[in-house]
Amino acid sequence: MLATHTIDNWVLGLTGGIGSGKSAVSDMFEQLGSTVVDADIVAREVVAPGTEGLHAITAHFTDDVLNDDGSLNRAHLRHIIFADETKKTWLNNLLHPLIREKILSDLNSANSEYVVLVAPLLFENNLDQYCQHTLVVDVPVEVQLNRTVRRDNVSEQQAKSIIASQMKREDKLTRADDVLDNNRALKLVASDVEKLHSQYLIHAKKRKTTNTVGR
Ligand code: ADP
């Protein structure tokens, strides 16, 4: 069953390219009391052992895609679908609705004043349709590249190709309601996050009042 697309909670969509600082910034919002729904974490949850998602995958690709402990061997699955468009499409058709449904249900069940949806591909996957407001964490591409290489221990070439597969920095900035400069000390960023948080609380309270009055 598909989850309802009406979300009562006020939702902030938090995005930015790989290595821009989404996790660092979403931790700050969490510290301030907001519930964070992370699309990357949800993508792993829907294929955890015992889920409908993992069951469908093993039924299609056999148990060869499992690790010894019963969890999904993601590297092996990536290898299987890499050169096979049909298998890749099958997997995407399975996973995208499951991920979307879980994101929506997590957004709906959050109890904080407002909820933060973190997604690297927020705009690319049209997840911004569920958000009242969007915030882009922004750094120059050079910084993004350096931080990704250092964090993930990948080559500069690998990091560049991931960056190239995501929406261009300029396009994200054009689409965002707010932009947070993360090319500076985290302490300064945290102070701006506090200011944004106060504004978002006001927006969220207004929405709650409107929703209640409208009922
Ligand atoms: P994302 O979630 O967007 O991929 P992260 O939040 O994981 O990015 O940040 C990428 C890397 O850069 C991490 O190692 C993080 O600790 C580091 N980082 C994030 N923000 C800053 C900052 N303002 N100054 C220095 N390092 C940072």
Side-chain angles (χ1 to χ4, degrees), residues 11-48 72 74-75 78 92 95-96 99-100 102-103 106-107 110 112 114-200:
V11 181
L12 172 72
L14 177 62
T15 191
I18 182 170
S20 60
K22 291 178 298 300
S23 301
V25 170
S26 68
D27 284 352
M28 294 173 189
F29 280 106
E30 202 160 38
Q31 287 285 318
L32 293 168
S34 296
T35 299
V36 172
V37 177
D38 185 321
D40 283 346
I41 293 176
V42 171
R44 287 196 290 274
E45 285 171 348
V46 299
V47 292
L72 182 62
R74 300 172 153 271
R78 258 199 308 275
N92 281 338
L95 294 181
H96 284 178
I99 294 169
R100 195 166 287 256
K102 175 97 176 39
I103 285 177
D106 286 357
L107 291 177
S112 51
Y114 69 93
V115 47
V116 181
L117 170 59
V118 187
L121 303 178
L122 188 85
F123 295 128
E124 291 90 329
N125 289 342
N126 293 319
L127 292 169
D128 55 322
Q129 67 179 298
Y130 307 119
C131 306
Q132 272 65 50
H133 208 84
T134 55
L135 172 65
V136 166
V137 182
D138 182 58
V139 291
V141 176
E142 268 310 300
V143 174
Q144 194 186 355
L145 198 58
N146 290 339
R147 286 185 185 165
T148 303
V149 166
R150 203 172 315 150
R151 184 195 58 188
D152 296 344
N153 205 12
V154 291
S155 70
E156 200 172 303
Q157 205 43 52
Q158 279 170 304
K160 271 187 180 157
S161 85
I162 297 170
I163 292 171
S165 74
Q166 301 183 333
M167 187 182 275
K168 276 212 225 90
R169 180 186 180 197
E170 298 71 37
D171 294 338
K172 280 187 199 128
L173 294 179
T174 308
R175 293 186 63 165
D177 294 313
D178 290 324
V179 175
L180 184 62
D181 173 13
N182 189 28
N183 189 20
R184 51 201 177 129
L186 282 168
K187 232 178 21 195
L188 298 174
V189 178
S191 145
D192 275 359
V193 166
E194 273 180 40
K195 288 181 198 140
L196 289 169
H197 178 66
S198 314
Q199 295 171 17
Y200 298 156

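For clarity, every value in this text was computed on a predicted model and none was experimentally measured. In each ligand, atom 1 is the first atom listed, and ligand 1 is the first ligand listed.
- Counting only heavy atoms of the protein, atom 13 (C) of ligand 1 lies nearest to R151 CD, 4.0 Å.
- Each of the atoms 1 (P), 2 (O), 3 (O), 4 (O), 6 (O), 8 (O) of ligand 1 lies under 4.0 Å from some heavy atom of K22.
- In this structure, atom 16 (O) of ligand 1 has no protein heavy-atom contact shorter than 4.0 Å.
- The shortest N/O to N/O separation between G19 and ligand 1 falls below 3.5 Å.
- Under 4.0 Å from ligand 1, not a single heavy atom of R150 appears.
- Closest to atom 20 (N) of ligand 1 among all protein heavy atoms lies N182 ND2, 3.0 Å.
- No donor-acceptor pair closer than 3.5 Å links the side chain of N125 to the backbone N or O of L127.
- Without hydrogens or angle criteria, Q144 side chain to S20 main chain gives no donor-acceptor distance under 3.5 Å.
- Between Y200 and Y114, the ring planes lie perpendicular to each other; the angle is over 60°, past the 30° to 60° tilted range.
- Under a 4.0 Å criterion applied to the non-hydrogen atoms of G17, ligand 1 contributes the atoms 3 (O).
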**OP:** Could you give me the CA-CA distance, side-chain angles and deciding distance for D106 and K102, then say whether salt bridge (charged side-chain N to carboxylate O under 4.0 Å, His left out) is met?
**Re:** CA-CA 6 Å; D106 286 357; K102 175 97 176 39; 3.0 Å; yes

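- Side-chain N or O atoms of K22 include none that pairs as donor or acceptor with a backbone N or O of P120 at under 3.5 Å.
- The heavy atom nearest to atom 9 (O) of ligand 1, considering only G16, G21, A24, is found in G21.
- Between the side chain of S191 and the backbone N or O of K187, no donor-acceptor pair lies under 3.5 Å.
- Nearest to atom 11 (C) of ligand 1 among the protein's heavy atoms is R147 CB, 4.0 Å.
- Of the possible donor and acceptor atoms, none in the side chain of S34 sits under 3.5 Å from a partner among the backbone N and O of V115.
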